[in-house]
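Presented below is the structure to which this report refers.
Note that the structure is a prediction, hence the values are computed from the model and not measured. As the structure lists them, so they are numbered: ligands from 1, and atoms in each ligand from 1. Numbers here simply count residues along the sequence, with the first being 1.
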Amino acid sequence: MTGTGETELRDGEISVDALKSFDAELRFIGVIRTPFITRDQCPRQGKLDGPDCRLELRPEWEPALKGITKYEYLDVLYWLHESRRDLVLQSPKGDGKTTGTFALRSPVRPNPIGLSCVRLIRQEGATLIVKGLDCLDKTPLIDIKPERCGFTPQAPHKDADLG
Ligand code: SAM
């Protein structure tokens, strides 16, 4: 079956009745503005030469950007708010090959957190202009961190500070 609605399944897909009793509270720090209005317009993964996007932080978080402009690359975490969350096996539209959720970077996952490495173009007050995102316009923003490869070697040394 084609389609991505909450109740539809493609060939090979399995959904579960996900446990709802344990939870954690996220605090969105702002919203992401992108030119992508529909999922079909979003790239599968962002491109560092893609369009300018805006990380619009709530004003109270502007001081938390102090020091950010010394980094060219940032990790951005966001909440893929339009995703279903109940699939354990998925058959992605691209190749239809049935694969486990945790072996995919699909937006469909129990906690639909997206992660992209972006290039920082400039800061405008509480807003960062970046390239490299793949999410829908108005996707909630969870966190921003300097890109980790700037801090740790790719194969971490046993004494490396991973904080
Ligand atoms: N780069 C992130 C990662 O690897 O964690 C996300 C990758 S995911 C494959 C990107 C896709 O998620 C987009 O192509 C689009 O189809 C979908 N998507 C984007 N924004 C979304 C949102 N707010 N809610 C649900 N799906 C979204």
One residue to check: P112. Relative to ligand 1, which of side chain, backbone, both or neither has a non-hydrogen atom less than 4.0 Å away?
neither
Is F36 touching ligand 1 with its side chain, its backbone, both, or neither, if touching means heavy atoms under 4.0 Å apart?
neither
Determine whether L55 and L48 fall in the same hydrophobic cluster, where Ile, Leu, Val, Met, Phe, Trp and Tyr are linked whenever their side-chain heavy atoms lie under 4.5 Å apart.
no
Single-linkage hydrophobic cluster, 4.5 Å side-chain cutoff, L128 and Y71 together:
yes
Keeping the roles fixed (side chain from [X], backbone from [Y]), state whether a donor-acceptor pair exists under 3.5 Å.
| X | Y | result |
| --- | --- | --- |
| Q123 | I68 | no |
| S116 | V76 | no |
| K131 | D49 | no |
| S15 | D86 | no |
| E13 | S91 | yes |
| R44 | R105 | no |
| D137 | T34 | yes |

Give the residue, atom name and distance (to 0.1 Å) of the protein heavy atom nearest [atom].
| atom | result |
| --- | --- |
| atom 3 (C) of ligand 1 | L115 O, 3.2 Å |
| atom 10 (C) of ligand 1 | R44 O, 3.4 Å |
| atom 11 (C) of ligand 1 | P107 CG, 4.1 Å |
| atom 20 (N) of ligand 1 | L136 N, 3.0 Å |
| atom 24 (N) of ligand 1 | E82 N, 3.0 Å |
| atom 14 (O) of ligand 1 | P43 O, 2.8 Å |
| atom 8 (S) of ligand 1 | R105 O, 3.6 Å |
| atom 15 (C) of ligand 1 | C42 CB, 3.7 Å |

Minimum heavy-atom distance between P110 and T101, given as atom pair plus value
CD-CG2, 4.1 Å
For ligand 1, is there an N or O atom under 3.5 Å from any N or O atom of S116?
yes
Polar atom proximity, G114 to ligand 1 (N or O, under 3.5 Å)
no
Would you indicate which of L80, V118, T38, L133 comes nearest to atom 18 (N) of ligand 1 when only heavy atoms are counted?
L80
Counting heavy atoms only, which of D134, T139, D40 is nearest atom 13 (C) of ligand 1?
D134
Could you list which atoms of ligand 1 come closer than 4.0 Å to a heavy atom of [X]?
| X | answer |
| --- | --- |
| C135 | 19 (C), 20 (N) |
| Y78 | 1 (N), 2 (C), 6 (C) |
| S83 | 24 (N), 25 (C), 26 (N) |

Determine whether T98 and D11 make a side-chain contact, defined as any pair of heavy atoms from C-beta on separated by less than 4.5 Å.
no
